[in-house]
Amino acid sequence: QVELVESGGGSVQAGGSLTLSCVAERYYYSNYCMAWFRQAPEKEREAVAAVGSNGRTTYAEFMKDRSTISTVHLESTVTLEMHNLAPEDSGMYYCVLGGIMNCYSESWSQWSEYIYWGQGTQVTVSS
């Protein structure tokens, strides 16, 4: 069974950087769309960024100028580098995986369009 294993969360001061990583264990297909979502307490879950197995990337407006999402093809991994973090970036960050076509439409930002979901990794940004 496919399992998404996330790492890299933690605590950082405002203005700092964090890198989140995720690997899809036992995923043996070459095509995919992997993304990160986040959810803060008492707030709705929102999409952060997505990357396809072909390298195509999409970012939420609030993150596009201070983050980089990448993947290593055939390794089913996704990395999200985040910079200039602010307290409002705090929350649980989730890795998700779906079909590659997710990355070619607004489906990239829809949680339910993905097939596998990770358990989440906590990001805390202090002021």
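None of these values were measured; they are calculated from a predicted model. Only heavy atoms go into these numbers, but all of them, side chains included; no hydrogens, no water, no symmetry mates.
- Side chains of L4 and L97 form a contact here, defined as non-hydrogen atoms less than 4.5 Å apart.
- Side chain of Q13 to main chain of S126: no donor-acceptor pair is present (N/O by atom type, distance under 3.5 Å, no hydrogens or angles).
- Side chain of E113 to main chain of S107: no donor-acceptor pair is present (N/O by atom type, distance under 3.5 Å, no hydrogens or angles).
- Atoms CG and OG, from L85 and S67 in turn, are 9.5 Å apart once rounded to the nearest 0.5 Å.
- V123 places a side-chain heavy atom less than 4.5 Å from the side chain of L18.
- Here the closest non-hydrogen pair linking M34 and A24 is CE-CB, 4.3 Å.
- No more than 12 heavy atoms of other residues, nucleotides or ligands shown are found within 6.0 angstrom of CD on Q119.
- Contact between C33 and A50 at its shortest, heavy atoms only, is SG-CB, 4.1 Å.
- Closest approach of G91 and Q122 over heavy atoms only: O-NE2, 3.3 Å.
- Using a 3.5 Å distance cut-off with no hydrogens or angles, the side chains of Y32 and T71 do pair a donor with an acceptor.
- Between T19 atom OG1 and L80 atom CG the span is 8.0 Å, to the nearest 0.5 Å.
- Listed for the S90 side chain is a donor-acceptor partner under 3.5 Å among the backbone atoms of P87.
- Atoms CD1 and NZ, on I69 and K64 in that order, are 15.5 Å from each other to the nearest 0.5 Å.
- Between Q110 and F37, the closest heavy-atom pair is C-CZ, 3.9 Å.
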Step-by-step side chain to side chain contact (heavy atoms under 4.5 Å, CB included) determination, S30 to L74: CA-CA 6 Å; S30 59; L74 300 181; 3.8 Å; yes

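- Residues W117 and V96 share a closest heavy-atom pair of CD1-CG1, 3.3 Å.
- Contact annotation: the side chain of M63 approaches that of R38 to within less than 4.5 Å [non-hydrogen atoms, C-beta and beyond].
- E46 is not listed as a side-chain neighbour of Q39, based on a closest heavy-atom distance of 4.5 Å or more.
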Derivation of the side chain to side chain contact (heavy atoms under 4.5 Å, CB included) call for C95 and V78: CA-CA 8 Å; C95 173; V78 59; 3.8 Å; yes

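- Smallest separation of non-hydrogen atoms from A47 and W108: CB-CZ3, 3.6 Å.
- The side-chain heavy atoms of Y104 and N54, taken from C-beta on, include a pair separated by under 4.5 Å.
- At distances below 3.5 Å, not a single donor-acceptor pair connects side-chain atoms of N31 with backbone N or O atoms of S53.
- The distance from the CZ atom of R26 to the OG atom of S76 is 12.0 Å, given to the nearest 0.5 Å.
- Put simply, the side chain of M82 does not reach to within 4.5 Å of the side chain of R66, judged on heavy atoms.
- Counted within 6.0 Å of CD on E106, heavy atoms from surrounding residues, nucleotides or ligands total 12 or fewer; the atom is thus considered open.
- Between the CD atom of E81 and the OG atom of S21 there is a distance of 8.5 Å, given to the nearest 0.5 Å.
- Looking at T121, its side chain does come within 3.5 Å of a backbone N or O of G9 through a donor-acceptor pair.
- For residues 58-95, the set of pairs meeting the ring-ring contact (aromatic ring centres under 6.0 Å, His included) definition, not counting sequence neighbours, comprises Y94-W111.
- I115 and Y27 fall within the same hydrophobic cluster, where Ile, Leu, Val, Met, Phe, Trp and Tyr residues are linked whenever their side-chain heavy atoms come under 4.5 Å apart, directly or through other members.
- In this structure, Y114 has its ring center no closer than 6.0 Å to that of Y116.
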